[in-house]
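Whatever order the structure lists them in is the order used to number ligands and atoms, beginning at 1. Side chains are part of it too, since the values below use all heavy atoms of this structure and drop only hydrogens, waters and symmetry mates.
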Amino acid sequence: MSKLQDQMFLEIRNKRPFELAQQYAFDYLEHIFDRNVYPTDEALNKLSIFDEELPVASANAKDVIEQLHTYGSQATTATLGGRYFGFVTGSALPIGIAAKNLATYWDQAPAMHVLSPIGSKLEAVVEKWLIDLFGLPENTAAGFVSGTSAANLCGLAAARYRILKRNDWDVNEKGLRNAPEIRIVTGKQAHSTVIKAVGILGLGKEDIEWAAVDDQGRIVAESIPELDENTILILQAGNVNSGAFDNFEVICEKAQKANAWIHIDGAFGLWAKAVSELNYLPKGMEKASSWAVDGHKTLNTPYDCGIVMCSDPEAMTAALHMSGSYIVESPERDGMFYTPEMSRRARVMELWAIMKYLGKNGIDEMILNMHHRAKQFAKEIGALKGFHVENDIVFNQVLVRCDSDALTQQVLHNIQKLRTCWLGGSVWFGKKVMRVSICSWATTESDITISIESFKKAMEIALADTTKISK
Ligand SMILES: *Cc1c(COP(=O)(O)O)cnc(C)c1O
C-alpha cells in the first residue's frame, strides 16, 4: 500500500475531513439568513488565494477543506437564504441538502439498474409522481438531467427524431444533410436556452418563425403561422422576466389539430400546475408532447436538477439512445436511455426526498407562498414614490423600474452594493428594469419588507448624488 493510499484509508476510518466539512457546513447554515446576500469586496479580493499552480506534492485533507471553508464560504452568494432574488434561482430545502449529503457518500451513477438499483428505483418512482402531479399522459417518460437547458435540448431532440422518422428519415443514421425540412415556431420571448438548443440540433436559428407576443410576453395565438406535422411549436410556462404563461388551452388545441410537436419550456413555471390556486395558469399543458422543467428553481432542490418529460418515450429514447457491447440492459429502468449522458450524478435522490417530504400539500403551500411574497413585493414597492411595477404578478416575478433608465440602473447598482438583498437587471420592452424573482421556500413577509427598505435607501442614495446617474 502506498503512503497516499494509507492516508486516504485513514481519512475514511477517522472521518476527520468529513467531520470538519460537516462542522463548517453547519457554521455556514447558522448565518445564512442574516448575512450579506452578496460577498463583500474583501471576500472577493481574497479569492486570489486560489490563483496557484497545480501543487506538486499532495496536501493533507484538513488544509484543503479549511482553505475551501475560509475563502470559499465567504465568496458565495446567499441563494440559500430568503433575500436572493437574482435571475430565477431557487433555494435548497433542508431535506434536499440532507438527502443529497447522504447520497454523496453512496456516489451512485444511475446509468443502468445494475450500476445503482436505488437510483433506478427512485427514478422510476419519481417519474410516476411527476406524471401524477403534472397530469401528464400515463406513458410519459422522464429523464433526469442537469437543468432546463439540457431538458430543452432533449425534448427538441425527441421532436426532431419523431418528425423526421414520420418522413421515413432516421436522423441518427442519415444526419441532417438532405433531410426533410423541420419548421420551428416559437414566441419572440422564448428563453435563450431554447434558441441555443435549436442551434445545437442543427435546426437553424435563422429559420425560426417568430410569433408575436403581448405586453406580458405571452404568445399572441392569432400570430402563430399555419402549423403542420413537420413543425415544432415551442411554448413557455413562465416568462423569465414577467413570469407569464402562454395560453396552452387555445394554442395547444390548434397545434394538436395540425399534428405539430409541442414542446413546453416550463423551467420554473410548470410547477404552477401543482398549486390549486394557480393551476389555471398552465391549463392545457398536458396536450404537449415534451416538457422541460427544473427541480432546482421553484421546487427548491439543490442545484443540478432538471427534468425532461416526453409523451413519446420511443422518440425520446431513440434520440438519446446509446449502445455498447458492455452495456447491461435490464427489465428495470436504465436511466441512461433518457438522458444524453451515460454517467451522471443520482440527482433523483434529493428530488425524491423533497417530494416525499413535502407531499402534494407541501408543494402547493411552498409555491403559493412564493406567489404571495411576489404580490406583497409588488404592492409595497408600487406604493413607494418613484418605483413602478411593470408586469402583472401572475406567478413569482416582479419587474420594477424607476423614472428613467439611468436612475433604474443606479438604484439597482446601489441595491447590489447594500447587499441586503440581491437582484439583477433586465430589459423589458425597451426599458431597463430590476427583476425580482421570488423563488425560495425561505422568503418571509419580513424579508420582503427589509428588501423594500433597501430599495428605498438605494433610491435616496441615488437622488442624493445625481452626478453618478450616468446616461
Ligand atoms: C432558467 C430557465 C432556463 C434554463 O434552465 P437551467 O436550469 O438554468 O439550465 C430555461 N428556460 C427558462 C424559462 C428558465 O427560466
Name the orientation class of the two ring planes belonging to Trp129 and Trp352 (parallel below 30°, tilted from 30 to 60°, perpendicular beyond 60°). parallel

Sub-4.0 Å atoms of ligand 1 with respect to non-hydrogen atoms of Gly238: 13 (C)

Roughly how far, to the nearest 0.5 Å, is the CZ atom of Arg83 from the CH2 atom of Trp422? 15.5 Å

Are Glu390 and Asn241 close enough, and set up right, to give a side-chain hydrogen bond (donor to acceptor under 3.5 Å, both in side chains), and what steps lead you there? CA-CA 10 Å; Glu390 293 292 282; Asn241 283 315; over 6 Å; no

Can you find a non-hydrogen atom of Gly306 under 4.0 Å from ligand 1? no

Is the shortest heavy-atom distance from the side chain of Phe245 to the side chain of Ile264 under 4.5 Å? no

Distance (rounded to the nearest 0.5 Å) between Ile182 CD1 and Leu201 CG: 9.0 Å

Asp265, portion touching ligand 1 at heavy-atom distance under 4.0 Å: side chain

Part of Phe268 with heavy atoms under 4.0 Å of ligand 1, whether side chain, backbone, both or neither: side chain

Protein contact to atom 7 (O) of ligand 1 [nearest heavy atom, distance to 0.1 Å]: Asp294 OD2, 2.6 Å

Mind telling me whether Phe50 and Tyr71 have parallel, tilted or perpendicular rings, with 30° and 60° as the class edges? perpendicular

Could you check atom 9 (O) of ligand 1 against the protein and tell me its nearest heavy-atom contact, residue, atom and distance included? Ser149 OG, 2.5 Å

Say you draw a straight line from CG of Leu227 to CD of Glu229; how long is it, rounded to the nearest 0.5 Å? 12.0 Å

For ligand 1, is there an N or O atom under 3.5 Å from any N or O atom of Asn152? no

Atoms of ligand 1 close to Val240 [distance to a heavy atom under 4.0 angstrom, numbered from 1]: 15 (O)

Given His191, Lys297, Gln236, identify the one with the heavy atom nearest to atom 2 (C) of ligand 1. Lys297

At a 4.0 Å threshold, what atoms of ligand 1 neighbour a non-hydrogen atom of Gly147? 7 (O), 9 (O)

Side chain, backbone, both or neither: Ala267 near ligand 1, heavy atoms under 4.0 Å: side chain

Between Phe377 and Phe455, ring centroids under 6.0 Å: yes

